[in-house]
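Report on the following structure.
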Amino acid sequence: MLQSKLPDTPTTIFTVMSQLAVKHNAINLGQGFPDFAMSKELTDLVNVAMQQGFNQYAHTNGLPQLRKKLCEKANRLYGAELNEEENLVITPGATYALYTALTSLLHPGDEVIVFEPAYDSYTPNIIINAAVPVYFSLQFPNFSYPWEAVKKAINPRTKAIIINSPHNPTGRIVTDEDIAVLHELLAQHPQLVIISDEVYEHLVFDNRKHLSVLAFPELLKRSIACYSFGKTYHCTGWKMGYAAGAKHLMDEFKKVHQYNAFSVNTPMQWAIAEYLDNADAWKQLGAEMQARRDLFQELMLQTPFRALPSGGSYFQCYSYEAISNLSERDFAVWLTEAYGVAAIPVSSFYHNGADHQIVRFCFAKKETTLRAAAQRLAAVQAKPHPIPHGTTIE
Ligand code: PMP
Ligand code: GLN
């Protein structure tokens, strides 16, 4: 009998809700992906790369010119001192980078601090390494870090702490105070490493600044930060990203990576390296996405949903307290079936299914999509139990 390495791991909610959206022909504001076109200049560059014959294995750490340009970008943006030989590896997406970072660090029994709601790959990545997730809830409703409790829980087995800013699913941004505590924690616990999920680094709103671990030398010495081209260039299906961090950590990262993916899609790396010369493409991102958030917020005022703040990312959470007392999962199913709009129940981002009657909507969509979704959501009526079709998701 096969003994599962992940016996308690369900199918990811993104797959579940996207399939349900297709089944009911619903507008999919669940899974986080843009429904507008990516840059034609960038897709044309992929074509050029393939035509010019850049079709064989790339260097295991990534195409040198791409690594170089990314280091230069991070050095300019964050005042870091990264170099392409030591500090940066191109990966097939950020999920892979996070997995590789954790796998290169963790031994059986090691503990990792996970803040919930948490992007759903972190915990299975820890468990598959026979390490132990130690969960802390971000404090509802503003999702601030419970630092005092964290300080008490850290012990010599605590090997890593995962932070994510801008945060999925809440859109919360790490603050100066959070950065100060991270400095304190690293100074006090020499074995501790930060895994920083920064896939939404450019999607920061309201003139706020993204505080990257790369911007703080004492943090960078003990961190690996993970990024996704999918989020920066509106091409989540490309599954391209990278990890950047301290040399001694990236040395271990490379050992795992070279016998897993080994290397990443060559023509796309070539194209991204060329396209990086166009800095406007990422500099405009925050303002562009903020305009979508603002439009969505305004449209949602006609609905019975109540917005929680979002300072960045693709996402905004909404309370449906005024509508229903269904659980978040049942509510998300009901909304998809009865009103044709798919959302993500935030309880899926908690190991214990903690439920605050909120759902996450993705506003990285065309204006027409957001308008059509809001129109459907404006029709939502308060509904007592039970849900109409009695459907639940596994
Ligand atoms: N981390 C977070 C917080 C995410 O929202 C996502 C989804 N893009 C990822 C990691 C994974 O990124 P990728 O698609 O590049 O694997
Ligand atoms: N990051 C995306 C989200 O949070 C989805 C990624 C995925 O489907 N694995 O919706």
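One-based numbering, in listed order, for ligands and for the atoms of each.
Centroid-to-centroid, the aromatic rings of Y119 and F349 stay 6.0 Å apart or farther. Ring centroid separation for the pair F115 and F143 does not come in under the 6.0 Å cut-off. Here Y200 and H210 keep their ring centres 6.0 angstrom or further from each other. Under the 6.0 Å cut-off for aromatic ring centres, Y233 and Y275 qualify, their centroids lying closer than that.
For the pair G32 and ligand 2, the shortest N or O to N or O distance falls below 3.5 Å.
Remark: R292 does not engage E367 in a salt bridge, criterion side-chain N to carboxylate O under 4.0 Å. Using a 4.0 Å cut-off between charged nitrogen and carboxylate oxygen, E148 and K152 do not count as a salt-bridge pair.
Within ligand 2, counting atoms from 1 as listed, the ones closer than 4.0 Å to a heavy atom of K231 are 1 (N), 2 (C). Close contacts between ligand 2 and Y119 involve ligand atoms 1 (N), 4 (O), 6 (C), 7 (C), 9 (N) [criterion: under 4.0 Å to a heavy atom]. Residue F315 approaches ligand 2 through these ligand atoms, each under 4.0 Å from one of its heavy atoms: 3 (C), 4 (O), 10 (O).
Ligand 2 lies within reach of N168, whose nearest heavy atom is under 4.0 Å from it.
In this structure, the protein non-hydrogen atom closest to atom 8 (O) of ligand 2 is Q31 NE2, 2.6 Å. With respect to atom 7 (C) of ligand 2, the closest heavy atom belonging to the protein is F14 CD1, 3.6 Å.
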| request: Give the intermediate values and the outcome of ring pair (Phe, Tyr, Trp, His ring centres under 6.0 Å) for residues F305 and Y320. | output: CA-CA 5 Å; F305 290 84; Y320 60 83; 7.3 Å; no
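A heavy-atom cutoff of 4.0 Å around ligand 1 is satisfied by the protein residues G93, A94, T95, L98, Y119, N164, N168, D197, V199, Y200, S228, K231, K239.
Both tests do not hold together for K365 against F296: distance to the six-membered ring centre under 6.0 Å, angle to the ring axis within 45°.
When non-hydrogen atoms are compared, ligand 2 lies under 4.0 Å from the side chain of R360 (C-beta onward) but not from its backbone.
Under the 3.5 Å distance criterion, with hydrogens and angles disregarded, a donor-acceptor pair is assigned to the side chains of E86 and N83.
Under the side chain to side chain contact (heavy atoms under 4.5 Å, CB included) test applied with R172, the options P309, S310, S144, P117 reduce to a single match, S144.
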